[in-house]
Amino acid sequence: GALILCNTFARAPYSRALGLFPLALLARVPSPSFLLRYFIVGARAPNSVVNQVRRAVETVPADVLAQRARSALRVDATPELARCTCPILYLRGTEDHLIRKWSVDAVTRAATVPVAVVSIAGPHLLLKMSPRDSWNAIETFLDGVRAG
């Protein structure tokens with residue numbers, strides 16, 4: 001087995017104070033395309049992808065989105081990560097403006113096994129926007145795990 005992470009974090013990437021904002025109210029406001037491009041899909045994403053993401057987000061109730069954001073602001077999964085004994089691959093989108101590099105560093109520090117970090121040109125939705133490069137990195141990693 002192996003653990004594959006993609007543009008994620010083990011510990012809250014932002015201050016808990018952000019949870020004081022009216023997140024449910026903010027979640028009811030449709031996200032402008034420029035924000036979706038900057039934080040989620042990347043500057044080069046076609047309008048169809050931006051609209052697809054917007055429609056997907058709009059199907060989730062605002063209170064659910066707000067609760068998910070609050071949970072992300074409190075999470076600390078570093079103890080669980082430290083107990084992980086299988087090989088770990090971390091795919092990092094170099095254009096991810098949501099999850100910063102320090103989150104990657106926190107994952108590698110928390111893990112007790114080596115973490116292979118592969119940087120791939122792409123945004124937060126790396127698997128959607130750079131599927132071929134992501135799959136190649138995963139396949140190479142798993143080949144090494146099987147050989148190893």
Side-chain angles (χ1 to χ4, degrees), residues 1-84 86-111 115-143 145:
L3 175 61
I4 299 172
L5 305 171
C6 182
N7 288 339
T8 192
F9 50 90
R11 191 172 325 169
Y14 299 101
S15 169
R16 283 184 179 208
L18 290 176
L20 300 174
F21 283 92
L23 297 176
L25 180 62
L26 292 173
R28 286 185 177 91
V29 178
S31 298
S33 295
F34 77 92
L35 287 179
L36 289 174
R37 286 182 192 285
Y38 185 77
F39 286 108
I40 307 295
V41 296
R44 295 180 298 279
N47 290 335
S48 60
V49 170
V50 174
N51 292 331
Q52 182 182 23
V53 169
R54 181 180 292 110
R55 283 191 306 272
V57 170
E58 288 172 352
T59 66
V60 181
D63 58 330
V64 172
L65 290 172
Q67 184 54 44
R68 184 169 179 208
R70 281 190 200 89
S71 294
L73 294 171
R74 291 188 306 265
V75 72
D76 183 356
T78 54
E80 292 84 357
L81 188 57
R83 288 193 299 272
C84 180
C86 64
I88 301 172
L89 169 65
Y90 189 110
L91 299 177
R92 177 180 184 272
T94 59
E95 300 158 26
D96 186 348
H97 297 287
L98 197 57
I99 306 299
R100 301 297 184 170
K101 184 173 180 324
W102 75 264
S103 288
V104 181
D105 297 338
V107 166
T108 61
R109 281 192 308 275
V115 177
V117 177
V118 176
S119 295
I120 298 172
H124 186 66
L125 287 187
L126 186 65
L127 300 176
K128 178 162 185 65
M129 301 309 296
S130 300
R132 186 163 293 144
D133 290 340
S134 297
W135 175 248
N136 288 340
I138 293 168
E139 191 171 42
T140 299
F141 175 76
L142 292 177
D143 286 345
V145 168

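Hydrogens, waters and symmetry mates are skipped; everything else that's a heavy atom, side chains included, is used. Since this is a predicted model, take the numbers as computed values, not measurements.
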Which pair of non-hydrogen atoms, one from [X] and one from [Y], has the smallest distance, and what is that distance?
| X | Y | result |
| --- | --- | --- |
| Ala12 | Ala72 | CB-O, 3.3 Å |
| Val49 | Met129 | CG1-SD, 3.8 Å |
| Pro123 | Gly42 | CB-N, 3.4 Å |
| Tyr38 | His97 | O-CD2, 3.0 Å |
| Gly122 | Ser130 | CA-OG, 3.9 Å |

Report task. Just jot down the side-chain hydrogen bond (donor to acceptor under 3.5 Å, both in side chains) partners of Ser33, sequence neighbours excluded, or say none. Result ->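 Scan of Ser33 (side-chain hydrogen bond (donor to acceptor under 3.5 Å, both in side chains), adjacent residues dropped) gives Arg54.
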Query raised in the report: Can you check whether Asp105's main-chain N or O pairs, donor with acceptor, with Tyr90's side chain at less than 3.5 Å?
Result: no
When rounded to the nearest 0.5 angstrom, what distance separates [atom1] in [X] from [atom2] in [Y]?
| X | Y | atom1 | atom2 | result |
| --- | --- | --- | --- | --- |
| Ser119 | Asp133 | OG | CG | 12.0 Å |
| Ser103 | Leu98 | OG | CG | 9.0 Å |
| Asn7 | Leu127 | CG | CG | 8.0 Å |
| Lys128 | Gln52 | NZ | CD | 4.0 Å |
| Asp96 | Ile40 | CG | CD1 | 8.0 Å |
| Leu36 | Asn47 | CG | CG | 11.0 Å |

Query raised in the report: Stepwise, does the side-chain contact (heavy atoms from CB on, under 4.5 Å) test hold for Leu81 with Ile88?
Result: CA-CA 10 Å; Leu81 188 57; Ile88 301 172; 3.9 Å; yes
Query - Check against side-chain contact (heavy atoms from CB on, under 4.5 Å), Val117 and Val107 - result: CA-CA 10 Å; Val117 177; Val107 166; over 6 Å; no
Query raised in the report: Is there any salt bridge (charged side-chain N to carboxylate O under 4.0 Å, His left out) pair reaching into residues 40-49, and which pairs are they, with sequence neighbours excluded?
Result: Arg44-Glu95
Query raised in the report: Going through the checks in order, is the side-chain contact (heavy atoms from CB on, under 4.5 Å) test met by Lys101 and Thr94?
Result: CA-CA 9 Å; Lys101 184 173 180 324; Thr94 59; over 6 Å; no
Query raised in the report: Taking only residues two or more places apart in sequence or in another chain, which ones pass side chain to side chain contact (heavy atoms under 4.5 Å, CB included) with Val118?
Result: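 Val118 satisfies side chain to side chain contact (heavy atoms under 4.5 Å, CB included) with Leu89, Leu91, Ile120, Ala137 only.
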